[in-house]
Amino acid sequence: MEIGFNAEETRFREECREWLHANVPEEKRPLHAADALEFDKAWQRRLFDAGWAGINWPVEYGGRGLSIVQQVIWLEEYAQADAPWIGANFVGVNHGGPTLIMNASEEQKAYHLPRILKGDAIWCQGFSEPGAGSDLAGINTRGRIEGDALVVNGSKIWTSFAHVADWQELVLRTEEGSLRHKGLSWVICDMHAPGISISPIRKMSGQVEFAQVFYDDVRIPLENVVGGLGNGWRVAMSTLSFERGTGFIADQVKQSQEIDELISTARANGKIRDDRIAGELGQMRAEVAALRAMTYRNISTVIRTGQPGPESSVIRLFTSELGQRLERMGVLLMGSAALDFRYGDDNIVHDYLRGFAATIAGGTAQIQRDIIAERLLGLPKSR
Amino acid sequence: MDLTPNSDQSALQTATADWCRDNMPLDGARNRPEHLWRDLADMGWTGMTAPGMGLDHATEALVFAELGRELAPVGLLSTAVAARWIGGDARVALAIPHEKLTRVFDPQDCASALSIWGNCAGLLMLPASLDTETGLDLSAPYATIALELVPNPLDDPRAALHLQLLAAAYGVGVADAARDMAADYAKIREQFDRPIGWFQSLKHICADMAVRCEVARSQLYYAACALDAGGDDAAFHVAAAKRLADSSALDNGRANIQVHGGIGMTDEAVPHLCLKRAHLLSFIAPVDTKDLLESAA
């Protein structure tokens, strides 16, 4: 066990730092997805042109083919430099792309992967449904095979960036009468196809970032199925544990900046003299450190075994709950000034309100606890 | 960067766990055999990082977490620290000073006791004969003495961090033991015609225990490596590891009793041994909140 980095990695970190220092945009990223689209696309293009997109993606699809440790270093430096959230490119870069790399045909990879990395194609995720949120296997959106196409009917919800997306990773039921995990397929859906309508949903923070999507006889060519008809569950699961392992590095660096800011705020307004507040700040600073250690451990496991461990669910759960506690402390330290919050404000209250998504999106905290108890501890399945 | 044990470390970890299970099981913690200390010394655990053996803190932390899981004597912590920073192979008791009293744990056959006064580790010479009694932690006999005996501070500030790190490793072991005990019981104990672990209310208690263990263990590994690396951030990382080990051992200790229901609060059952050990550990090299807020991370 050791925490040091080798000479090549240290050099790489310096390169990342220098480039970010010179290139991070001065202006802030707009809050609403539609306003932010051009910003997100331009920033992604700049990252790609300078060789910072897809650091551990294969070279033949526009990536750099570097190690996962270098990917981690990049993400750490990225967050440290206060570089903007990649926003609309998030699903393509962190989820759709990796899923294609692991499961797609040569044609599918050659077409889509470079477009994702360049910011030319925005992706969204079509997993959750009004009747199937955390119960992902309860999917009812159907694709009927008609000739060389699937004809899709149904609805998806909580779809981030749906109204600005070009493509969607869509999981639907392609076998009539199939149950649960069986008979599902993972397909690439053209969001500009006829029959798709989108209605945006406003969040409690005032942001418009996700939407409900309706499919009315939408035709998707069969060649857009990834990993074979009926294999949708396996394809969808193939990326989730990776997402849970390394997808949180930016959050973790952000949380280490947040805790230090909270401590300065508490010093400035004198609340640090309250032993309970000081104690909680100390505990959270220790926890933020532990989160980095846990992420490093998880990445070390990936490097050693090729697979992230089941601890990925622990990281997922711990990150989201720790983030919420940090945000709540931020609001507590503000005092009654928090009441002045208005839709569109970009401050700690906004982060606090937005943070309620963290223990719901991508499987609720309760689902994560079930997974930890069943897979890590071997307790009986209750579903 | 690699925070997983290498193959030698894994082998040592497994060998330690096997030995502890066979020779020092948790359920015998309140009545340890006379020859146990001799056995621990023979296994080399009384001075893993001492000159001669010279292993690193990372390896030692892995081993001490396994020892802590079966509630090994707390005198092993002070003896290992003394062996590293003072040398020799003498058995050294562990002292916890409190105002005008000092409690000395595991004082049998010890001429001195180690503790932390302020931020510094020090050595206290012990009177020739001490009568021991048993307190909250039934596995840790202790004697009470007056503090007039002046401690001899050790020069190197790393000695205090070393004790804090090893106590954290013990705490991680206790948290692990409580988690495993609770999960095993939840699989076999039935109510309403199902194992109680089927119910989400119980399942989520166990999941939270597992989360606390992963968090505390990860920080323990990082802290041990930071101490080995000798950087300015070692003091913070060791303090963070101790704080998280303390809280996970206490919280898991309590949760384990709840999962065991009525039997969990009896003297006959063993969950209370974990909780009581967690309370004792929280007083060994305790973390000052200032260290968490002010030290460089």
Side-chain angles (χ1 to χ4, degrees), chain A residues 1-6 9 69 72-73 256 259-260 263 266-267 272 275 278-301 303-305 309 311 313-315 317-318 321-322 365-366 368-374 376-382, chain B residues 1-6 9 56 58-59 61-62 179-180 182-184 186-187 194-195 197-200 202-211 213-226 228-229 231 236-237 239-244 247 287-294 297:
Chain A
M1 295 200 298
E2 46 108 17
I3 49 176
F5 292 90
N6 67 33
E9 290 160 351
V69 173
V72 169
I73 290 170
S256 80
I259 185 64
D260 287 345
I263 292 168
R267 279 193 215 292
I272 196 101
D275 283 347
E280 203 179 321
L281 287 168
Q283 175 81 19
M284 287 195 291
R285 196 161 183 241
E287 287 175 340
V288 167
L291 179 57
R292 174 170 69 168
M294 193 155 54
T295 306
Y296 279 13
R297 244 180 105 197
N298 196 53
I299 288 157
S300 307
T301 307
I303 294 167
R304 201 177 278 273
T305 67
E311 314 82 38
S313 280
V314 175
I315 295 178
L317 175 65
F318 190 70
E321 295 194 340
L322 175 58
Q366 286 64 41
Q368 304 302 333
R369 285 191 167 83
D370 282 356
I371 292 173
I372 291 164
E374 289 164 11
L376 221 63
L377 301 178
L379 295 187
K381 276 182 82 79
S382 37
Chain B
M1 186 272 288
D2 181 3
L3 273 191
T4 52
N6 63 33
Q9 288 168 330
D56 58 13
T59 306
L62 289 170
R179 173 204 58 202
D180 291 345
D184 288 347
K187 284 176 213 174
R194 297 175 186 281
W198 182 89
F199 297 97
Q200 286 185 319
L202 271 291
K203 183 175 277 186
H204 289 186
I205 293 177
C206 294
D208 285 337
M209 294 172 88
V211 171
C213 287
E214 291 300 321
V215 170
R217 179 172 283 271
S218 300
Q219 183 58 23
L220 174 70
Y221 288 5
Y222 197 96
C225 292
D228 282 324
F236 167 77
H237 285 292
K242 180 59 166 50
R243 171 61 64 93
L244 296 173
S247 57
V287 177
D288 188 334
T289 297
K290 268 201 185 118
D291 290 339
L292 293 174
L293 294 178
E294 287 170 17

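Since the structure is predicted, the reported quantities are computational estimates derived from the model, not experimental observations. Residue numbers start from 1 in every chain, and the chains themselves are labelled A, B, ... in the order their sequence lines are given, proteins ahead of strands.
- With a 4.5 angstrom heavy-atom cutoff, B/F199 does not touch chain A via any of its atoms.
- Using a 4.5 Å cut-off between heavy atoms, B/L62 touches chain A through its side chain atoms alone.
- A/R285 places a side-chain N or O within 3.5 Å of a backbone atom of B/L292 that can act as its donor or acceptor partner.
- Of the atoms belonging to A/I303, not a single heavy atom falls under 4.5 Å from chain B.
- Chain A forms the most heavy-atom pairs under 4.5 Å with one residue out of B/V215, B/L220, B/I205, B/T289, and that residue is B/V215.
- Contacts of A/I263 with chain B are made by side-chain atoms alone, with heavy-atom separations under 4.5 Å and no backbone atom involved.
- Neither the backbone nor the side chain of B/A223 has a heavy atom closer than 4.5 Å to any heavy atom of chain A.
- To the nearest 0.5 Å, the span separating CZ on A/R297 from CE on A/M1 amounts to 9.0 Å.
- Heavy-atom distances place both the backbone and the side chain of B/D2 under 4.5 Å from chain A.
- Residues that satisfy the salt bridge (Lys or Arg N to Asp or Glu O under 4.0 Å) test with A/R292, not counting sequence neighbours, are absent from this structure.
- Residue A/I259 does not touch chain B at all, counting heavy-atom pairs closer than 4.5 Å.
- The closest side-chain heavy-atom distance from B/D228 to A/E2 is not below 4.5 Å.
- Proximity to chain B (any heavy atom under 4.5 Å) is shown, for A/Y296, by both the backbone and the side chain.
- The residue among B/K290, B/M209, B/Q9 with the most heavy atom pairs within less than 4.5 Å of chain A is B/Q9.
- With a 4.5 Å cut-off on non-hydrogen atoms, B/R217 touches chain A through its backbone and its side chain both.
- Smallest separation of non-hydrogen atoms from A/L317 and A/A365: CD1-CB, 3.6 Å.
- No hydrogens or angles considered: nothing links the side chains of A/T295 and A/N298 as a donor-acceptor pair under 3.5 Å.
- Formation of a donor-acceptor pair under 3.5 Å by the B/K203 side chain with backbone atoms of A/P380 is found in this model.
- To the nearest 0.5 angstrom, A/I371 atom CD1 is 11.0 Å from A/L376 atom CG.
- The contact between B/L244 and chain A is made entirely by side chain atoms (from C-beta outward), counting heavy-atom distances below 4.5 Å.
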